[in-house]
J.: 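Sending over a structure as structure tokens; questions will come in a sec.
Ligands are counted one by one from 1 in listed order, and the atoms in each one are counted from 1 as well. Remember, predicted model here, so these are calculated numbers, not experimental data.
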Amino acid sequence: MTQSLSFADLGLKKPLLDAVAEQGYQTPSPIQAQAIPAVLAGKDVMAAAQTGTGKTAGFTLPLLHLLADGPKVQGNQVRALVLTPTRELAAQVADSVATYGKHLPLRSQVVFGGVKINPQMMNLRRGADVLVATPGRLLDLYQQNALRFKQLEVLVLDEADRMLDMGFIHDIKKILALLPAKRQNLLFSATFSDDIRALAKGLVNNPVEISVTPPNSTAERVEQAIYPVDKNRKAKLLCKLINDGKWQQVLVFTRTKHGANRLAKQLEENQITAAPIHGNKSQSARTKALADFKAGRVRALVATDIAARGLDIDQLPQVVNFDLPNVAEDYVHRIGRTGRAGASGKAVSLVCSDELKELKAIERLIGQVLTREELPGFEPVNKLAETTLDSRPQKPKKPKKPKAHGDGQRSANNAGKESQGRNSGQNRSGGEGQNGKPRRRRRPQGPKSQA
Ligand code: AMP
């Protein structure tokens, strides 16, 4: 149905259509086809959409369309506020705003912590039609009188589930209290947990609800497999997979910052260019690692979950879970890094016997037993038990305790803790590698969650 739709059919202005055409987008993605008309109609929207669905353009295009028709922004005022959980996502959303808005006379700005606040304050003097911000820095700027919200028309919460996971709920509530009551609210979240629904209750009015992938379903186009392997052989197995598969660009997830550093070093020692990206790295180091990876100067980007959130890397063919995440939903976020906007991708997980519990939780969440593959020479001594699909109804989750809040100064703290809550400090350094051709052992897959 949405196949034959064009962006022009959605009623967007010519300057936006031109910008979209320059990006080479032919047809609106399903989230865009649904979100754009709803936002243009002035409705509140609640959308369940993972990264990779085109959600950013889904809210940015109609937002710019509406703003182009409104009054001129005054000094220190903001007309549309987009809140994101991480600096990387803020930077990427701001890039999208600039890209799609390039033929419109609108001002946009991005603010996040970890960089100097003064230039941000100076820039805000002229006001911003669109301000993309992380919550902590936004509050800091407000407290320093650099921001006012009298002209605010639209609020967007992007990746709201991750904001709650990162403990931003108090900051979000503080921010909501500063905004005019009459405004349009757009809430985007990869999953719709009870916590998100509770947040939405106090936020959106009579929203248009959109869901382009059912909550917690895995991206369809991503081919997934696991390699059962001993913990101390994971690094060597990864080197072999990268070399044998001639992977030129691979995003590798570790559970801990420490693990990311160590693995990046091990890859380098095996002549695979690698860079770690996590919350203990300075903003400039993170930006550089990402730029090097995108430009192909670095083959493996080794990331923790929080640092990787929101990374938009076009057509990333390969994602590796070096460790399984403790939180099953993170698996879905991780593999969502590949197979984006129509591209195909592959996600493999290196799973040791200690990770059986995490594996079962993931398989239960995605509704399928993951295919197992093995490389001769890497068969685990500590066998990973076979799994079957647990289809009992899931128990409701306990509400999460908020962590340290804010970003910037505060999020440096927060990010400093980013994986420690979840990590158990395992040593996952590698053993010796051996040669041999991959041997595949396919298993029948369980039922998928509804398409
Ligand atoms: P997002 O889900 O917003 O992170 O977008 C994922 C990727 O899809 C980005 O790299 C966009 O440039 C790309 N994209 C967004 N909309 C479209 C579209 N309609 N057609 C093709 N690619 C798109």
J.: Quick one: does Thr27 get a heavy atom under 4.0 Å from ligand 1?
T.: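 It does; at least one heavy atom falls under 4.0 Å.
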J.: Only heavy atoms count here, so choose which of Tyr100, Phe188, Tyr25 is nearest to atom 23 (C) of ligand 1.
T.: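 Checking each option, the heavy atom nearest atom 23 (C) of ligand 1 is found in Tyr25.
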J.: State the CD-CD distance between Gln318 and Gln249, to the nearest 0.5 angstrom.
T.: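 Those atoms lie 11.0 Å apart.
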J.: Got a salt bridge between Lys102 and Asp18, using NZ or NE/NH1/NH2 to carboxylate O under 4.0 Å?
T.: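 No salt bridge links Lys102 with Asp18.
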J.: Out of all atoms in ligand 1, which are within 4.0 Å of some heavy atom of Ser29? Include the element for each.
T.: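 Result: 19 (N).
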J.: Can you confirm whether Lys43 is buried at NZ, in the sense that more than 12 heavy atoms of other residues, nucleotides or ligands lie under 6.0 Å from that atom?
T.: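 No, because the 6.0 Å sphere around NZ of Lys43 holds 12 heavy atoms or fewer from other groups.
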J.: Which atoms of ligand 1 have any heavy atom of Thr56 under 4.0 Å away?
T.: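 Numbered from 1, ligand 1 contributes 1 (P), 3 (O), 4 (O).
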J.: Rounded to the nearest 0.5 Å, what separation is found between the CD1 atom of Ile335 and the OG atom of Ser349?
T.: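 The distance works out to 8.0 Å.
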J.: Regarding ligand 1, does Gly54 bring an N or O atom to under 3.5 Å of one of the ligand's N or O atoms?
T.: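 Between Gly54 and ligand 1, an N or O pair is found under 3.5 Å apart.
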J.: Counting heavy atoms only, which part of Phe7 comes closer than 4.0 Å to ligand 1: side chain, backbone, both or neither?
T.: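 Only the side chain of Phe7 comes within reach of ligand 1.
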J.: For atom CZ of Arg126, decide whether the heavy atoms of other residues, nucleotides or ligands shown that lie under 6.0 angstrom number more than 12.
T.: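 Counting other residues, nucleotides and ligands, CZ of Arg126 stays at 12 neighbours or fewer.
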J.: Shortest non-hydrogen contact from Asp44 to Asn185?
T.: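 The answer is OD1-N, 2.8 Å.
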J.: Should the proximity of Gln23 to ligand 1, defined as any heavy atom under 4.0 Å, be assigned to the side chain, the backbone, both, or neither?
T.: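 The answer is neither.
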